[in-house]
Every structure is written in C-alpha cells, then in structure tokens.
Amino acid sequence: MVVTDHQKMKAASQRKTNWLLYVALILCAAIGISAWQGWRWWLSASAPVSESLPRDSVVEDNRLEVVQIDPGEPGQLIGLKLEEEGLIRSANAWNMWTRWLTRQNPDGGYKAGTYQISPDEPMQAIAQKIWNGEVMQLSFTVPEGWNLRQMAQYFESQGFFTAEEFLSATQDIPWAEYPWLPKDIPHLEGFLYPDTYKLRADNITPQAVIQPMLNRFEQVALPVYQNPQNQTNLSLKEWVTLASIVEKESVVASERHRIAGVFTNRLKQGMTLGADPTVEYGLNIRQTEDKPLTLAQVNTPNPYNTYLNAGLPPTPIAAPGVASLEATLAPEETEYLYFVALYDGTHIFSRTLAEHEAAQDAIWDKRDPTLQ
C-alpha cells in the first residue's frame, strides 16, 4: 500500500494532537493534585492547634492565652508571635489570610490591645478577633451597700490598682462630665452605682472603673430622682445619703420601705437618726454579733455619728441600690420611730422609746450567753 504525503501529514498531525492531549491531561492532573494538596495544607494550617494535640493532652491544653499586640505591630510579626505561642499552626497561612483581609477591607487592620486566645479557635477566627479589636475584658462586681473603702480593698485584691490610688481618684469630682453631681461633695461616696461591669484588660485604671459606675448611676438612679411622680424635698445628696443608710439597715427587702418610713419620721420630728452604720462608717469599724458597738463608740463624736448629730451625715455612707433609692422616695407611712435588729436580719419596730428599750432587753436576754 502506498502512503501518500497527505496521509503522512494527517498521521503526524494526529500524533501531535494526541501528544498535546496527553500533556494537557498530565498538566490538569498535576494542577488538580497541587490544588488538592494545597487545599489540604490550608485546611491543616488554618485549623485549631488543639486538633493536632494528643487526645490525653487536649484537656490540659484547653486554655486561654493572653497575647499583647503592640500599636503598629505588622501582621507578619503578629503571625510569628502567634505561631511561637502555639496558637496558630503556620505563620505563612496567617500572612496569606492577612492579605485576603486587607483586600476585602483596605482601610482595616489589626488593632493593638490585649487578647484572650484559645488553641481551640481556628486561625481565621483569631485573625478576625484581632482585626475587629475584640480585646480581652475583665469583669468586676460591686455589691449594694459597699462603701469606697471596701471598693478600694476589693480592687487592690483583684490586682487592678492600689486602694490608695482608687480613693485618691474618687476625690477628683468630674463635675464637667457629670454636672448633676452635687457641688459640695468631697468624694464620690454613694454615686458609684453597685453592679457588675466589664472593662478592657489593657485599660485598668481608677478612672476606667469610676466612669462606667457614674454612667450607670446616671442611667439607673438619676431618672428615679428626676421622675416627676417622685416628689421629694430632699436634695440629690440628701436623697442618696438617706438611701445609703436605708441600704445598710435593710437586710430583708420587705422591711425596706418601713425602715425608710422610720427615718423619714425621725427627720420630720427633728430627732437624731440613731443609725449604727453611720457610727461604723465614721469610725471605720464593723460591728458583728459577737462584737457589737460599745457605748464608748456610740458616744465618740464624729461628723457621721447620727446618735450625737441631728439630721443626715455629711455624705452617703455606702452605695445604695435602686430598691433603697426608690424606698427613700416612697417611705411607708407608719407611726414607728424606732427599730432594733434581730440576728436573722429582721427588726422589731416600736412607736415609743419605752417599747424600743423593752425590745432591746428582750433581744439581749435571748442572746447566746457566750457572746454576752
């Protein structure tokens, strides 16, 4: 059989096409394998670090690490830092993700601050947290009835700052920011609202604590006083001062309005309030069941002694909650002028001094002899 030149050219062309197809298949396979391997690498590189740990060490390693990102710190250094801390698997993967974030938001960037990061978090979540500036927060709780000295000791025990620093800051009255604060207060006693708060872990200063507490007073307490329905002749400072005494005396919530009524009656009649918590505040002591106030302490002159001084003390003696603040504006209408505490938190209320002294004697007779 004679093969013509045309047939030869056609065969050569077919061989070339087959070869190109073969090469293309090889390239596609190579690209596919590379893409698959790249995707596998990415899934591994961006996965939580904890997934690569032995099962028996995961519980031990399930922790929150504190990481400090400095102002202006570039993304590459952040990635290296996180890799060294064992919080991400690959700084290279971090850099790739950083470039993607930058393309998505050219005006964004990683933000300085203190962050809590868990090895259970995938790399993308960690990056988003730092990109968004979701800094570590600490919480603190100030119970109702605490005074500034108790708050100061608490903050010092938490390692926030010293008690002296806090007490000094409370004497710097921010009238410009809070013009409603009374003009004649020497410190912020009574106006730091008791509640639970959160603050940035990299901004723990007395001012950073005081400001949200004043804000909360402005948001929660001040509207109660300014409500037209709550008519009172008390100034803001007098209201908070009386409420702080009610707060300290009211152990049982159901007695709060009655205690406020007793104090209101005594003020109207020009009597001394005779409130133990004011004596304790003035002397910086705390009575207990086995160590009650002594006659000498009650007779010790000081501006806060409401056994010796008529009217309200110079300032609040504690931080009242909204229930005591409301009770002071709506005291129970009662004939009672006296009350004495039982040791279960309740009180015996009396109309006359004779009834009051009889109640005191009865309580004393029932006390544990070992405490007398």
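These numbers were taken from a predicted model, which means no experiment stands behind them.
For the salt bridge (Lys or Arg N to Asp or Glu O under 4.0 Å) condition, the pairs that include at least one residue of residues 199-222, sequence neighbours left out, are D195-R216, R200-D202. The salt bridge (Lys or Arg N to Asp or Glu O under 4.0 Å) analysis of residues 298-315, with sequence neighbours excluded, yields no pairs.
A heavy-atom distance below 4.5 Å is not found between the side chains of L308 and T272. Taking 4.5 Å as the limit, some side-chain heavy atom of Q269 sits within range of a side-chain heavy atom of L337. Using a 4.5 Å heavy-atom threshold, the side chains of L353 and Y338 count as touching. With a 4.5 Å cut-off on side-chain heavy atoms, F191 and L181 count as touching. The shortest distance between side-chain heavy atoms of N299 and Q297 does not fall below 4.5 Å. For the pair I210/F166, a side-chain contact is recorded, criterion being any heavy-atom separation below 4.5 Å from C-beta on. Residues P122 and P48 form a side-chain contact, since some pair of their non-hydrogen atoms from C-beta on lies under 4.5 Å apart. Taking the side chain as every heavy atom from C-beta outward, F263 and M271 never approach each other to under 4.5 Å.
Ring geometry, F155 versus F140: the interplanar angle exceeds 60°, so the pair is classed perpendicular (tilted spans 30 to 60°).
The two residues A152 and L167 come nearest to each other via the heavy atoms CB-CG, 3.8 Å. Across P313 and I245, no two heavy atoms sit closer than the pair CD-CD1, 3.8 Å. When all heavy atoms of E249 and I259 are compared, the pair lying nearest together is O-CD1, 3.7 Å. Scanning both residues, V240 and P316, for their nearest heavy atoms gives CG1-CG, 3.7 Å. Taking each heavy atom of T334 and N265 in turn, the nearest pair found is O-ND2, 2.7 Å. In this structure, T306 and A275 approach most closely via the heavy-atom pair OG1-N, 3.0 Å.
Side chains of E65 and Y115: no donor on one and acceptor on the other come within 3.5 Å. For the 3.5 Å distance criterion, the side chains of T114 and Q68 qualify, holding a donor opposite an acceptor. Inspection of the S90 and N92 side chains reveals no N or O donor paired with an N or O acceptor under 3.5 Å. A donor atom on one side chain and an acceptor atom on the other are not found under 3.5 Å apart for E189 and N147. No hydrogens or angles considered: nothing links the side chains of Y307 and T278 as a donor-acceptor pair under 3.5 Å.
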Let me see the working for I173 and Y178 under side-chain contact (heavy atoms from CB on, under 4.5 Å), right down to the final yes or no. CA-CA 9 Å; I173 314 300; Y178 305 95; over 6 Å; no
Apply side-chain contact (heavy atoms from CB on, under 4.5 Å) to the pair L312 and L267, showing each step before the final yes or no. CA-CA 8 Å; L312 293 166; L267 287 172; 4.3 Å; yes
Determine, step by step, whether T170 and M151 satisfy the side-chain contact (heavy atoms from CB on, under 4.5 Å) criterion, reporting the C-alpha distance in whole Å, the side-chain angles of both residues, the deciding distance to 0.1 Å, and the verdict. CA-CA 11 Å; T170 62; M151 295 180 200; over 6 Å; no
Is there a side-chain contact (heavy atoms from CB on, under 4.5 Å) between K111 and I130 once you walk through the steps? CA-CA 6 Å; K111 296 175 177 61; I130 302 175; 5.7 Å; no
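Under the 4.0 Å criterion applied to side-chain N and carboxylate O atoms, E280 and K248 are not assigned as salt-bridge partners. By the 4.0 Å N-to-carboxylate-O rule, K129 lies too far from E134 to be salt-bridged with it.
Side chain of S44 to main chain of R40: no donor-acceptor pair is present (N/O by atom type, distance under 3.5 Å, no hydrogens or angles). Within the 3.5 Å criterion, the main-chain N or O of S235 finds a donor-acceptor partner in the side chain of E238. Between the side chain of Q287 and the backbone N or O of L293, at least one donor-acceptor pair lies under 3.5 Å. In this structure, the side chain of T346 does not engage the main chain of L342 through any donor-acceptor pair within 3.5 Å.
Around NZ of K183, the count of heavy atoms belonging to other residues, nucleotides or ligands within 6.0 Å exceeds 12. Within 6.0 Å of the CD atom in Q219, the count of heavy atoms belonging to other residues, nucleotides or ligands exceeds 12. Counting heavy-atom neighbours within 6.0 Å of Q104 CD, excluding the residue itself, gives a total above 12. Environment of CG in D70: crowded, with over 12 heavy atoms of neighbouring residues, nucleotides or ligands closer than 6.0 Å.
For the pair R149 and Y281, the distance from NZ or CZ to the six-membered ring centre is under 6.0 Å and the angle to the ring normal is within 45 degrees.
Interatomic distance, CD of Q158 versus OG1 of T141, reported as 9.0 Å (0.5 Å rounding). Separating the CG atom in L199 from the OG atom in S139 is a distance of 8.5 Å, to the nearest 0.5 Å. Separating the NE2 atom in H187 from the CG atom in L192 is a distance of 11.0 Å, to the nearest 0.5 Å. The line from CE of M123 to CD1 of I117 is 12.5 Å long, rounded to the nearest 0.5 Å. The CG atom of L188 sits 8.5 Å away from the CG atom of D172 when rounded to the nearest 0.5 Å. T352 OG1 to E335 CD: the interatomic distance, rounded to the nearest 0.5 Å, is 11.0 Å.
Other residues sharing the hydrophobic cluster of L77, ordered by chain and number and joined by side-chain separations under 4.5 Å: L80.
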What pairs of donor and acceptor atoms, side-chain ones from residues 319-328 against any protein atom, are under 3.5 angstrom apart with sequence neighbours left out?
from	atom 1	to	atom 2	distance (Å)
S324	OG	E247	OE1	2.8
S324	OG	R256	NH1	2.8
T328	OG1	S324	O	2.7

Distance-only donor-acceptor pairs under 3.5 Å for side chains of residues 220-229, two or more places apart:
from	atom 1	to	atom 2	distance (Å)
Y225	OH	L234	O	2.8
Y225	OH	L236	N	3.1
N227	OD1	Q229	N	3.0

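Screening W94, Y110, W97, W100 for a ring pair (Phe, Tyr, Trp, His ring centres under 6.0 Å) involving W131 leaves a single residue, Y110.
Looking at residues two or more places apart in sequence or on another chain, you find a ring-ring contact (aromatic ring centres under 6.0 Å, His included) between F349 and Y336, F339.
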